Amino acid sequence: MAEDGKNREDSDPGFSPWRFLPLALVVIAVAAIFATGLHRSLTFEAFIDYQGRLEQMVAAHRLKMLGLYVLVYVGAVTLSLPVSAFLTAIGGYLFGYVVGTGAAAVSATLGATSIFLIARTSLGQPLLNRAGPRIRSLADGFRKRAFSYLLFLRLMPVVPFWLTNLAAAFCGIGLRKFVLATQIGMLPASFAFAFAGSGLEEVIEVQARARAQCLAGGGGACAVDFDVKSLLTTELMIALGVLSVLALAPILYKRLQERRTRGTTGEENVQA
């Protein structure tokens, strides 16, 4: 009888080692990138070093460079590297805020979908099958209101992008809802960063000049004193916060209706 249980367990697709291969490759790739220092090439400081060359390449081969930009962006999101804001701003600078917004939003959605599918295949359903009833109940609740919850999390950039992807994969949210909510939710922040990035000429000149003076003065560590996240102004956060509340409006309305229904039913029972 124990042997039968073991056979059933072995036949469970969640126990297949091949299921974990895509996730293992992602982990290995991330470890290799940080071990070799390749992640430093996706910084504002590195961009200043290659700014002129990149602008020339975009002017000569705009479509090819746009395709390369999308591939780099998708790869970075798939590997959960924290460079989305930087890449979006650079996309706005190199291609203009209109093209930059579209390319960034589409790339972020493709990358998020990739890691979502990898995580769901490797971890999502196997872990959910082994979770307790309370966790499964929470996952079911999240799944029923997946679109509104996901839209809220996408609109608020304070929530780590990779964490939202993993949470959605763990809860078993449908692929269509995940893609749609991600694409819509990425547009406002993508536009904001791309628009800000399209006007970075002055910031780049100031930072480049300060760095050159530092190096000329014999400075050993002449780092660029600029963080792309500083583009998250108070006005932008308020606007995204309002949109996030609107994303939760259907859930709040539904819960209010449920309370009213329960209250009406309770009054009828008391009268009876």
Side-chain angles (χ1 to χ4, degrees), residues 22 25-26 28-30 32-118 154 157 161-162 165 179 182-212 215 222-224 226-231:
L25 292 176
V26 169
I28 292 173
V30 172
I33 287 174
F34 280 94
T36 57
L38 285 176
H39 63 288
R40 298 190 185 93
S41 62
L42 296 176
T43 62
F44 195 74
E45 185 173 353
F47 174 72
I48 290 179
D49 291 335
Y50 296 99
Q51 173 198 354
R53 187 181 303 177
L54 287 173
E55 289 179 344
Q56 292 176 359
M57 294 174 69
V58 169
H61 310 283
R62 184 175 177 83
L63 289 180
K64 290 182 179 179
M65 289 299 293
L66 182 60
L68 179 61
Y69 170 80
V70 170
L71 287 177
V72 171
Y73 203 127
V74 171
V77 175
T78 300
L79 298 178
S80 299
L81 301 179
V83 293
S84 296
F86 163 76
L87 288 176
T88 303
I90 297 307
Y93 179 83
L94 292 175
F95 304 104
Y97 68 88
V98 175
V99 176
T101 296
V106 171
S107 300
T109 300
L110 290 175
T113 302
S114 298
I115 194 62
F116 167 77
L117 291 174
I118 291 172
R154 293 307 190 197
F161 196 71
W162 61 270
N165 297 332
V179 172
T182 299
Q183 183 64 82
I184 295 175
M186 289 305 301
L187 284 173
S190 296
F191 173 79
F193 279 111
F195 185 79
S198 65
L200 281 178
E201 292 92 346
E202 184 177 350
V203 175
I204 292 173
E205 290 178 4
V206 170
Q207 294 296 328
R209 188 162 52 249
R211 189 181 178 204
L215 292 173
C222 301
V224 172
F226 178 76
D227 186 357
V228 179
K229 291 183 179 179
S230 63
L231 299 176

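In this text the structure is predicted, and so the values were computed from the model without any measurement.
- In terms of heavy-atom proximity, Val26 sits nearest to Thr78 at CG1-O, 4.0 Å.
- Taking 4.5 Å as the limit, some side-chain heavy atom of Phe95 sits within range of a side-chain heavy atom of Val58.
- Here the closest heavy-atom approach between residue Asn165 and residue Phe116 is recorded as O-CD1, 3.9 Å.
- Atom CE of Met57 has 12 or fewer heavy atoms from other residues, nucleotides or ligands within 6.0 Å.
- One finds the CD atom of Gln183 at 8.5 Å from the OG1 atom of Thr113 (value rounded to the nearest 0.5 Å).
- A distance of 2.5 Å separates OG1 in Thr88 from OH in Tyr73, rounded to the nearest 0.5 Å.
- Across Ser80 and Trp162, no two heavy atoms sit closer than the pair OG-CB, 3.6 Å.
- Interatomic distance, Gln56 CD to Tyr50 OH, rounded to the nearest 0.5 Å: 14.0 Å.
- In this structure, CZ on Phe193 lies 12.0 Å from CD1 on Ile90, to the nearest 0.5 angstrom.
- Rounded to the nearest 0.5 Å, atoms CG (Leu54) and CG (Leu94) are 6.0 Å apart.
- Among all heavy-atom pairs drawn from Leu42 and Leu87, the shortest one is CD2-CD2, 4.2 Å.
- With sequence neighbours left out, Thr182 forms a side chain to side chain donor-acceptor pair (under 3.5 Å) with Arg154.
- Note on ring orientation: taking the six-membered ring where Trp is involved, the planes of Phe195 and Phe191 are parallel (angle under 30°, cut-offs 30° and 60°).
- Heavy atoms from other residues, nucleotides or ligands lying under 6.0 Å from OH of Tyr97 number 12 at most.
- Residue pairs meeting the salt bridge (charged side-chain N to carboxylate O under 4.0 Å, His left out) criterion with at least one member in residues 52-77, sequence neighbours excluded, do not occur.
- Here the shortest heavy-atom pairing between Ile115 and Ala112 reads CG2-O, 3.3 Å.
- The distance from atom CG of Leu68 to atom NE2 of His61, rounded to the nearest 0.5 Å, is 12.0 Å.
- Pairing each heavy atom of Ala103 with each of Tyr69, the nearest pair is CB-CE2, 3.9 Å.
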